[in-house]
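Data block below; observations after.
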Amino acid sequence: MHGGMSIVFSGNAELDFGRGMIPHHAGAVKMCDTLMDSQEATSADLIHFCDHLKLEQGIELGVMQRWLADHGEG
């Protein structure tokens with residue numbers, strides 16, 4: 001996740017935002033997958049948080065990926 005967020009900034013705020021946030025969101029989804037796959041995921045609050053995060057950030061990832069593709073960056 002952190003390596004993917006180490007982008008070379010272009011000076012275009014929208015482009016840089018999308019390129020930096022995609023690995024950030026993907027990392028959060030992966031971290032929730034890891035937590036929920038573990039035998040230690042017993043906190044109802046964390047499970048609820050991860051369910052919500054995976055749904056919302058999955059949608060946001062698609063939006064950012066489409067925006068980048070539409071602007072020749074996908």
Exercise for review: Might you point out which heavy atoms bring Cys50 and Leu35 nearest each other, and give the distance in Å?
Suggested key: SG-CD2, 4.0 Å
Revision key, fill the gap. Minimal heavy-atom distance between Ala28 and Gln57, with the atoms involved, is CB-OE1, 3.5 Å
Practice item. Before giving the answer on side chain to side chain contact (heavy atoms under 4.5 Å, CB included), spell out for Arg66 and Val63 the whole-Å C-alpha distance, their side-chain angles and the decisive distance to 0.1 Å. Key: CA-CA 5 Å; Arg66 279 190 303 279; Val63 169; 3.6 Å; yes
Point to revise | Residues Glu73, Leu15; criterion side chain to side chain contact (heavy atoms under 4.5 Å, CB included); working and verdict | key: CA-CA 8 Å; Glu73 296 291 327; Leu15 174 62; 3.3 Å; yes
Review point. Would a distance-only check, ignoring hydrogens and angles, find a side-chain to backbone donor-acceptor pair under 3.5 Å from His52 to His48?
Key: no
Revision key, fill the gap. Those residues at least two apart in sequence (or on a different chain) that pass salt bridge (charged side-chain N to carboxylate O under 4.0 Å, His left out) with Lys54 are Asp33
Review point. If you round to the nearest 0.5 Å, how far is SG of Cys32 from CG of Asp37?
Key: 10.5 Å
Review point. Do you reckon Leu61 sits in the same ILVMFWY cluster as Phe17, going by side-chain contacts under 4.5 Å, direct or chained?
Key: yes
**Study point:** Qualifying residues under salt bridge (charged side-chain N to carboxylate O under 4.0 Å, His left out), relative to Asp51, sequence neighbours excluded
**Key:** none
Review point. Under the side chain to side chain contact (heavy atoms under 4.5 Å, CB included) test, which residues partner Phe49, sequence neighbours left out?
Key: Leu53
Review point. Donor-acceptor pair, Arg19 side chain versus Val8 backbone, under 3.5 Å?
Key: yes
Study note, to complete from the structure: Here the gap from Asp70 atom CG to Gln65 atom CD, rounded to the nearest 0.5 Å, amounts to 12.0 Å
Check your understanding: Hey, does the side chain of Asp16 reach the backbone of Ser10 with a donor-acceptor pair shorter than 3.5 angstrom?
Key -> yes
Check your understanding: Measuring from Leu68:CG to Met21:CE, what's the distance to the nearest 0.5 Å?
Key -> 12.0 Å
Review point. Got Glu14 and Trp67 here, is their nearest side-chain heavy-atom distance under 4.5 Å?
Key: yes
